Amino acid sequence: MKELLNQLGVVPAVSSHEEAFRRRLKDILALHVDSMREDALGNLIVTRTGKRTPSRKLVIDVPMDENGVMVSGFTDGGFVRFQTVGAVDRRTLVGKRVKMGENGLPGVIGMKPIHLSSREERKSVPKTDDLYIDIGAADRKDAESKLALGDVGWFTTEGGVFGKNLWKGKSLNSKIPCALAIQLLREKVFPVNCTIVFGAQELVGTRGAYGAAFSERPDVVLCLNGVPACDDPLTSAEKQETKLTKGVVLPVSDRFTQYDRTLFEQLRTLAQTNHLPWQIQAKSSVTGAARAYQRSRGGVRTVGLGLPVRYLHSPVEVASLDDAEAMLTLTRLFLENFD
């Protein structure tokens, strides 16, 4: 797991610009899948033949994209104006290092320094218009010679273990599910015929999932994704629904999805009978690919497993590797008992 996270964590995968990440996945999976294709939206769709052919088609969806920034303009002084790609908390951006464009040009996100700002400015959350990226350019012409409008950038967060088997890094809500899917596909014996969708553009409207829902026409979908961990010291005890190290999350619903009750109960039973740590999430403010699959065609039975992630959708996230192992084990059990 740690080796895979180190490999995946350094590869940029900003939504709609997942090319480098897809190439890395193809290299890793080439010898472990029966078929592999890339669709028009950028999904990487692989199949694996198992011991059984179920009567219903099963798809496992894992997102592969990450938040980032996009060039939206330049100042006369050579600073880069930008907008975020995906929902990023603006409070977390100041001082973060990024790499920009095809050549990975280094940059730092800045704003008016504290000793030049007013008391009112210091009290408010900075708007994106109050931020800029410093790439060390001398002037506008110099900056425009290095970057173009629409170029994207990614955060350069270093991943690694800290604390008691915790992992820090960027975009763990996608990197860890991708690592788990790779681990499953690498296993010599696979339980059941299955399609795995490494989904593109999940953070900008679950667009990849909509395409895959129609091209793959699944009967059942299991979505693996990150969910917010609510165990920070400023959240009251009664609102701390999901916590790190307490196990895999079984979501009941989110903003746009009501998960299939029968499949949910099957996952809960598997977790209980196999003594896996698990926790329930009644309602999440975060949504993902599940909404696209569930609403496609005539409706698709959709269920999810969540990984608790602190500081979700910020440049630095934290998750428990023990929770990840629980997610992997429960996914394997679901496959073994499918149909």
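Values reported hereafter were calculated over all heavy atoms of this structure, with side chains retained and with hydrogens, waters and symmetry mates removed. Remember, predicted model here, so these are calculated numbers, not experimental data.
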> Can any side-chain N or O of Asp323 pair as donor or acceptor with the backbone N or O of Gly247 at less than 3.5 Å?
Replying inline: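 Yes, Asp323 side chain to Gly247 backbone: donor-acceptor pair under 3.5 Å.
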
> Quick check: does any side chain N or O of Ser296 sit under 3.5 Å from a backbone N or O of Tyr293, one acting as donor and the other as acceptor?
Replying inline: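 Such a contact is found between Ser296 side chain and Tyr293 backbone.
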
> When rounded to the nearest 0.5 angstrom, what is the spacing between OG1 in Thr302 and CZ in Arg291?
Replying inline: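 These two atoms lie 13.0 Å from each other.
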
> Does NZ belonging to Lys246 count more than 12 external heavy atoms closer than 6.0 Å?
Replying inline: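 No, the 6.0 Å shell around NZ holds no more than 12 heavy atoms from other groups.
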
> So if you build clusters from Ile, Leu, Val, Met, Phe, Trp, Tyr with side-chain heavy-atom gaps below 4.5 Å, do Met36 and Val59 land together?
Replying inline: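 No, because Met36 and Val59 fall into different hydrophobic clusters, even though each may have its own neighbours under 4.5 Å.
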
>> Between Asp322 and Thr245, is there a side-chain donor-acceptor contact under 3.5 Å, judged purely by atom types and distance?
In response: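 There is no such pair between these side chains.
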
>> For Val161, is there any backbone N or O sitting under 3.5 Å from a side-chain donor or acceptor partner on Lys2?
In response: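 Checking the backbone N and O of Val161 against the side chain of Lys2, no donor-acceptor pair under 3.5 Å is found.
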
> Under the 3.5 angstrom rule, does the side chain of Thr331 hit a backbone N or O of Met327 as a donor-acceptor pair?
Replying inline: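 Between the backbone of Met327 and the side chain of Thr331 there is a qualifying donor-acceptor contact (under 3.5 Å).
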
>> Looking at Asp142 and Lys146, is any side-chain nitrogen of the basic one under 4.0 Å from a carboxylate oxygen of the acidic one?
In response: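 Looking at Asp142 together with Lys146, the answer is yes, because their closest N to O distance falls below 4.0 Å.
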
> Is there a donor-acceptor pair closer than 3.5 Å between any side-chain N or O of Gln83 and the backbone N or O of Ser72?
Replying inline: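 Answer holds: no.
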
> Do Trp154 and Lys170 pass the side-chain contact (heavy atoms from CB on, under 4.5 Å) test, and can you show the C-alpha distance, the side-chain angles, and the key distance before you say yes or no?
Replying inline: CA-CA 10 Å; Trp154 57 96; Lys170 63 173 181 174; 3.6 Å; yes

>> Once rounded to the nearest 0.5 Å, what's the spacing between atom CG of Asp61 and atom CG of Leu224?
In response: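 With rounding to 0.5 Å, CG (Asp61) is 8.0 Å from CG (Leu224).
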
>> Within 45 degrees of the ring normal and closer than 6.0 Å to the centroid, is that where the cationic atom of Lys175 sits relative to Phe21?
In response: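 Relative to the ring axis of Phe21, which defines the angle, Lys175 lies inside both limits.
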
> Does CZ belonging to Arg217 count more than 12 external heavy atoms closer than 6.0 Å?
Replying inline: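 12 or below, so no.
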
>> Is it the case that over 12 heavy atoms from other parts of the model lie below 6.0 angstrom from the CD atom of Glu3?
In response: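 Check fails, neighbour count at 12 or below.
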
> If you look at every heavy atom in Ala212 and Pro218, which pair is closest and at what distance?
Replying inline: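 Taking Ala212 first and Pro218 second, the nearest heavy atoms are O-CD, 4.5 Å.
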
>> If hydrophobic clusters are built by linking Ile, Leu, Val, Met, Phe, Trp and Tyr wherever their side-chain heavy atoms come under 4.5 Å apart, do Leu307 and Leu180 end up in the same one?
In response: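 Hydrophobic grouping puts Leu307 with Leu180.
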
>> A quick test of your reading: do over 12 heavy atoms of other residues, nucleotides or ligands sit less than 6.0 Å from NZ of Lys26?
In response: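 Yes, enclosed.
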
> For Asp339 and Ser55, does a side-chain donor sit closer than 3.5 Å to a side-chain acceptor?
Replying inline: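 Asp339 vs Ser55: donor-acceptor pair found between side chains.
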
>> Run the side chain to side chain donor-acceptor pair (under 3.5 Å) test on Asp34 and Thr47 for me, step by step, so that the C-alpha distance in whole Å, both residues' side-chain angles and the decisive distance to 0.1 Å come before the verdict.
In response: CA-CA 6 Å; Asp34 295 294; Thr47 62; 5.1 Å; no

>> Restricting to non-hydrogen atoms, name the atom on Val309 and the atom on Ala319 that form the minimum distance, rounded to 0.1 Å.
In response: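 For Val309 and Ala319, the tightest heavy-atom pair comes out as CG2-CB, 4.4 Å.
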
>> I'd like to check His313 versus Leu203 (side-chain heavy atoms, cut-off strictly below 4.5 Å). Are they in contact?
In response: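 His313 vs Leu203: side chains touch.
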
> Rounded to the nearest 0.5 Å, how far apart are CG of Leu263 and CG of Leu222?
Replying inline: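 That separation rounds to 9.0 Å.
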
>> Among Ile45, Val62, Ile60, exactly one meets side-chain contact (heavy atoms from CB on, under 4.5 Å) together with Val197. Which residue is that?
In response: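 Exactly one candidate clears the test, Ile45.
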
>> Please evaluate residues Trp278 and Leu267 with respect to the criterion side-chain contact (heavy atoms from CB on, under 4.5 Å), reporting the C-alpha separation (whole Å), side-chain torsions for both, the decisive distance (0.1 Å), and the verdict.
In response: CA-CA 10 Å; Trp278 66 279; Leu267 285 171; over 6 Å; no

> CD of Glu265: more than 12 outside heavy atoms within 6.0 angstrom?
Replying inline: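 Atom CD in Glu265 is packed in, count exceeds 12.
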
>> Between the side chains of Glu216 and Arg37, is the shortest nitrogen-to-carboxylate-oxygen separation below 4.0 Å, so that they form an ion pair?
In response: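 Here Arg37 pairs with Glu216 in a salt bridge, since their nearest N and O are under 4.0 Å apart.
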
> Using 4.0 Å as the upper bound for N to carboxylate O, is an ion pair formed by Arg301 and Asp260?
Replying inline: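 Salt bridge flag = yes for Arg301 with Asp260.
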
> Within a reach of under 6.0 Å around CZ of Arg91, are more than 12 heavy atoms found that belong to other residues, nucleotides or ligands?
Replying inline: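 Not more than 12 within 6.0 Å, no.
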
>> Grouping I, L, V, M, F, W and Y whenever their side-chain heavy atoms are under 4.5 Å apart, do Phe74 and Val152 come out in a common cluster?
In response: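 In one cluster with Phe74: Val152, no.
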
> Hey, any chance Leu166 and Val249 share a hydrophobic cluster, counting ILVMFWY side chains that come within less than 4.5 Å of each other, even indirectly?
Replying inline: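 No, Leu166 and Val249 fall in different hydrophobic clusters.
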
> Which heavy atom of Ala292 sits nearest a heavy atom of Ala209, and at what distance?
Replying inline: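 For Ala292 and Ala209, the tightest heavy-atom pair comes out as CB-CB, 3.6 Å.
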
> Between Glu202 (side chain) and Asp65 (backbone), is there a donor-acceptor pair under 3.5 Å?
Replying inline: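 Here the side-chain-to-backbone pair does not exist.
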
>> Going by salt bridge (charged side-chain N to carboxylate O under 4.0 Å, His left out), Asp76 matches just one of Arg140, Arg81, Lys141. Which one?
In response: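 Only match with Asp76 under salt bridge (charged side-chain N to carboxylate O under 4.0 Å, His left out): Arg140.
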
> Where do Ser171 and Ser174 come nearest, in terms of heavy atoms and distance?
Replying inline: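 Residues Ser171 and Ser174, closest heavy atoms: OG-OG, 2.7 Å.
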
>> Keeping Glu18 on the side-chain end and Ser16 on the backbone end, is there a donor-acceptor pair under 3.5 Å?
In response: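 It does hold such a pair.
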
> How far does CE of Met64 sit from CD of Gln201, to the nearest 0.5 angstrom?
Replying inline: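 If we round to the nearest 0.5 Å, Met64:CE and Gln201:CD are 9.0 Å apart.
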
>> For the CD atom of Glu102 and the CG atom of Leu147, what is their distance to the nearest 0.5 Å?
In response: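 So the gap between those two atoms works out to 10.5 Å.
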
>> With side-chain contact (heavy atoms from CB on, under 4.5 Å) as the criterion, how do Val80 and Tyr132 come out once you've worked through the C-alpha distance, each side chain's angles and the decisive distance to 0.1 Å?
In response: CA-CA 6 Å; Val80 178; Tyr132 53 83; over 6 Å; no

> Do other residues, nucleotides or ligands put more than 12 heavy atoms under 6.0 Å from the CZ atom of Arg268?
Replying inline: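 Check passes, neighbour count above 12.
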
> How about Asp27: does its CG atom have over 12 heavy atoms from other parts shown lying under 6.0 Å from it?
Replying inline: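 Atom CG in Asp27 is crowded, with more than 12 foreign heavy atoms closer than 6.0 Å.
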
>> If hydrophobic clusters are built from ILVMFWY residues whose side chains come within less than 4.5 Å, do Val221 and Phe256 share one?
In response: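 Per the 4.5 Å side-chain linkage, Val221 and Phe256 are not co-clustered.
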
> Hey, does the side chain of Glu317 reach the backbone of Leu172 with a donor-acceptor pair shorter than 3.5 angstrom?
Replying inline: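 Side chain of Glu317 to backbone of Leu172: a pair is present.
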
>> Between Arg24 and Gln7 (side chain of the first, backbone of the second, donor and acceptor by atom type, cut-off under 3.5 Å), is there such a pair?
In response: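 Yes, the answer is positive, given that a donor and an acceptor are paired below the 3.5 Å cut-off.
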
>> Could you walk me through whether Arg48 and Ile196 satisfy the side-chain contact (heavy atoms from CB on, under 4.5 Å) test, starting with their C-alpha distance in whole Å, then the side-chain angles of each, then the deciding distance to 0.1 Å, before giving a yes or no?
In response: CA-CA 8 Å; Arg48 177 73 191 270; Ile196 296 183; over 6 Å; no

> Would Asp232 and Tyr311 satisfy side chain to side chain donor-acceptor pair (under 3.5 Å), going step by step from the backbone distance to the final call?
Replying inline: CA-CA 9 Å; Asp232 64 272; Tyr311 325 123; over 6 Å; no

>> Nearest 0.5 angstrom please: Gln266 CD to Leu250 CG, how far?
In response: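 Interatomic distance, Gln266 CD to Leu250 CG, rounded to 0.5 Å: 11.0 Å.
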
> Charged N to carboxylate O under 4.0 angstrom, Arg332 versus Glu336?
Replying inline: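 Judged by the 4.0 Å cut-off on N to carboxylate O distance, Arg332 and Glu336 do not form a salt bridge.
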
> Between Val220 and Val300, what is the shortest heavy-atom contact and its length?
Replying inline: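 The pair with the smallest heavy-atom distance is N-CG1, 4.3 Å.
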
>> Any side-chain to backbone donor/acceptor pair from Asp130 onto Lys127? Under 3.5 Å, distance only.
In response: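 Checked: pair present.
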
